[in-house]
Amino acid sequence: MIAFALRLAVSGGREALARLAMIAAAVAIGVGLLLSTFASMNAVERTNQRQVWLDTGAASRTEQASAAPLWWWPHGDYYDGKSLTEVDVAATGPTSPVPPGLTHLPAPGEYYASPALAKLIRGTPADQLGDRFPGRLVGTIGDAALASPDSLIAVIGRTSAQIKDAPGARAVTTIATSRPSTCDNACWDNAVRGDALTLISSVVAGALIFPVLIFIATATRLSAATREQRYAAMRLAGATPRQVSLLSAVESALAAAAGTVVGFGLYAALRPLVATIPLTGQQRFFLSDLTLSAPQVLGVLVGVPVAAVIAARLALRRVAISPLGVTRRVTPRPPRAWRLIPLLAGLAELAYFVFAGRRPATGNGQTAAYLPGFLVVMLGLVIAGPWLTMTAARVVARRTRRPAALIAVRRLADDPKAGFRAVSGLVLALFVTTATVSIIGTINDHRGTLGGDRQTRTVVEAGSGGQAPLVEALPARLLTQVRALPGVRGVAVVHTNPDGIGTVVHRRVHPGDPPPEAPALVTCSDLAQTPMVGRCPTGASVTAVDLYAFASLQSHPRLPWPAAAISTAAVAKLPVQLIYVATDGSTATMEHVRTVLTTAYPHQQVRTVGDWGTDLQQELAGWRQLADVVLLTTLPIAGCSLAVSVVAGLSDRRRPFALLRLTGAPLRSLQRVIGLETTLPLLAVAAISIGTAFAASALFLKSQMRYDLVSPGAAYYALVGLGLVASLGIIASTLPLLTRITGPEAARNG
């Protein structure tokens, strides 16, 4: 029987072969995108795992081994808006542990660099970057220790004396191979902590699967009505229900299996492209990280054909009841209002964490809490869609008298499941797009203003905003060297104020910043060289400045600071809190200044205003990249689903339309029927989908981050409008097919 089913599937003429080819092509596209999504999720996890070694110095790690301790000090640096990671190490014996990616530990005066960093060092003047690394480059770090081909990491050899007094330095006997038990902000590596990026990535990855699955299910239903007619004829000829079911299963499984195999080939072709998409920020994936697990491969290989068989079985269930099932169709039972329950349940699950105030503490807990809520809401939209379609059709039916509109809305009211099925993919795509843009847009609105203004972006700063001084006394030679660098406009030396001289005028830069015990002291001659901080009162020689003014993102050139009752000679003897260097803003000047100060004070952070926002901006860039991936993936998939659904609907009803044309119905009226049948559920349910996405996003943001939803900008509404216009264009592009498939020959019973 199976052999007969296979022969029947491939020997049904050009129409049967074309149908199989269309199903296979549609399934191939869906499978290729589904596999790419799975591979991207796996790549993120493997990327995180390869960075675990950077958490070797985390305080929560207590592993001990019978090895000579290794002094370990990870710290950060920057170059032209790029974040660098440096790990200073000092072996205390020949058995000190070696980090991954290295053949041996670098000796003092040696360092290893990642290939990307080594290339950057070679292509940059030494006084801007290379001079920060002591000694010579002895090798490159292997891929086993790198998150990405773009990772900028150096492992630097030092002596124990150079490291042990550094802030955060620790002696370790093992290199981390798994995530520490507690990792929030204590870990050096931010990629593995349970933060919003991991959660949002999980939500987006889960959401991407839904439109792909709907696309595959839509493809497997192509020409369902034609097959119903054929199988009903077989039932009349004596075929049993089991035989009909087997025939339909084999035909659907054959096309789906072929499409699945082609889909794996499409995935292989897409891998190099997917590897270039920086989902986690500004870095690409290693191509080798884009792999599939055995359960994922097996699940797709088996699951897609099985899903196709199930879809075919459901589509032909009326034929299995009776040989006359196709000709004695009755109006399906109308959907009931209970279909709204899953949708409301998903929103209620998200609302629970807002009103109960029980936001999970860990990243895994947050994913387990919020991801099911979003998926249930999406499932609820699919379940509620037919009821919403029926309701909208009945409302329109009471207000229209035109023949085409009446035919369309009556059919939608009679069979809303079929009407909604055509637009279900696009409805979910609108939900995913709206939720993603709303969440990421709100985060970006709250956290994206870290660039400083035109004047503060030219400053390089060495030192700490805390109470510990940078140095007891600043060498005159260093100060002269910095002032003499090309492009340096001025230098302000900020001194500590142990005696509390002057008035405390504290203007908090960030909410919650504690006021300093006393203002910092700056000579008026230095402050005149850095006017973005403020100005001295007339006649004063020393002023008392709020230390946080030197960390402000905004300049305050007209801000007056009070005079301090101390001489310039006495101030010069006080410890130095930080050095504030104003430059011409060029990359060459700023990085030259940074290199000089980093070399002089290797244990201190030398930063610019742009650096303060670099890490967060990279994270935001990753989120924005996720939004772009969602838009570029879900909307085209939904458009393909819509096109396939409309074409399938035309093919399934070509005989009724042909009969209408023979009885005198104008072709334009029939085209209006098709357009209204698709447009009405699209617009009605799309409005509900967008509103639901806003509600779900607002609940998530309020619970997870305590943010109020920020309305998307005009670009979002323009995108939605263009998407709907494009959808209408897809519908319109299929209407010429009506002329070709509704000729007189389509009205025959044979």
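This structure is a prediction, so every number in the text was calculated from the model and none was measured.
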Note to self: What I'd like to find out is whether the side chain of Leu412 reaches to under 4.5 Å of the side chain of Met390, using heavy atoms alone.
What the structure shows: no
Margin query: My understanding is that only residues two or more places apart in sequence, or in another chain, count here; which of them pass side-chain contact (heavy atoms from CB on, under 4.5 Å) with Leu728?
Written below: Thr679, Ile731
Notebook entry, point to check: Quick one: does Val409's side chain get under 4.5 Å of Val395's, heavy atoms only?
Noted result: no
Next item on the list: Can you sort out the partners of Arg46 under side-chain contact (heavy atoms from CB on, under 4.5 Å), two or more places apart, ordered by chain and number?
Entry: Asp289, Thr291
Next item on the list: Identify, with sequence neighbours excluded, every residue that meets side-chain contact (heavy atoms from CB on, under 4.5 Å) alongside Leu266.
Entry: Leu270
Item checked: Chi angles and distances behind the side chain to side chain contact (heavy atoms under 4.5 Å, CB included) call for Leu343, Thr692 -> CA-CA 9 Å; Leu343 178 60; Thr692 302; 3.8 Å; yes
Margin query: Using 0.5 Å steps for rounding, measure from the CD atom of Glu677 to the CZ atom of Arg672.
Written below: 14.5 Å
Notebook entry, point to check: Any idea which heavy atoms bring Thr442 and Tyr707 closest together, and the distance?
Noted result: CG2-CB, 4.0 Å
Notebook entry, point to check: Looking at Leu350, Leu709, Val377, which hits side chain to side chain contact (heavy atoms under 4.5 Å, CB included) with Leu699?
Noted result: Leu350
Note to self: For Ala435, is there any backbone N or O sitting under 3.5 Å from a side-chain donor or acceptor partner on Ser438?
What the structure shows: no
Check: Which atoms form the tightest heavy-atom contact between Ala413 and Ala393, and what is the distance?
Finding: N-CB, 3.9 Å
Note to self: Please give me the minimum heavy-atom distance between Val432 and Met378, naming the atom from each residue.
What the structure shows: CG2-CE, 3.5 Å
Notebook entry, point to check: Between Pro416 and Pro386, which heavy-atom pair has the shortest distance, and what is it?
Noted result: CB-O, 3.2 Å
Item checked: Between CG on residue Leu430 and CG on residue Leu381, distance to nearest 0.5 Å -> 10.5 Å
Item checked: Minimum heavy-atom distance Val274-Ser40, with the two atoms named -> CG1-OG, 3.3 Å
Item checked: Gap separating the CG atom of Leu676 from the CG atom of Leu406, nearest 0.5 angstrom -> 10.5 Å
Margin query: Show, in sequence, the C-alpha distance, side-chain angles and deciding distance for Leu680 and Thr389, and conclude whether the side chain to side chain contact (heavy atoms under 4.5 Å, CB included) test is met.
Written below: CA-CA 8 Å; Leu680 180 59; Thr389 299; over 6 Å; no
Check: Just how far is it from atom CD1 of Ile439 to atom CZ of Phe374, taken to the nearest 0.5 Å?
Finding: 4.0 Å
Notebook entry, point to check: With no hydrogens and no angle check, is any side-chain donor or acceptor of Arg339 less than 3.5 Å from a backbone partner on Ile383?
Noted result: yes
Next item on the list: Using the test side-chain contact (heavy atoms from CB on, under 4.5 Å), find all partners of Ser293 that sit at least two apart in sequence or belong to another chain.
Entry: Pro295, Gln296
Note to self: So, taking the atom named OG in Ser711 and the one named CZ in Phe694, what distance separates them when rounded to the nearest 0.5 Å?
What the structure shows: 5.5 Å
Margin query: Restricting to non-hydrogen atoms, name the atom on Val300 and the atom on Phe38 that form the minimum distance, rounded to 0.1 Å.
Written below: CG2-CE1, 4.0 Å
Check: Considering residues at least two apart in sequence or located in another chain, which fulfil the side chain to side chain donor-acceptor pair (under 3.5 Å) criterion with Thr434?
Finding: Tyr716
Margin query: Around atom CZ of Phe355, are there more than 12 heavy atoms from other residues, nucleotides or ligands closer than 6.0 Å?
Written below: no
Checklist line | Verdict with supporting geometry, Phe420 and Val427, side chain to side chain contact (heavy atoms under 4.5 Å, CB included) | finding: CA-CA 9 Å; Phe420 174 73; Val427 167; 4.3 Å; yes
Item checked: For Ser669, side chain to side chain donor-acceptor pair (under 3.5 Å) partners two or more places apart -> none
Check: For the atom pair CH2 (Trp338) and CH2 (Trp387), what is the distance rounded to the nearest 0.5 Å?
Finding: 12.5 Å
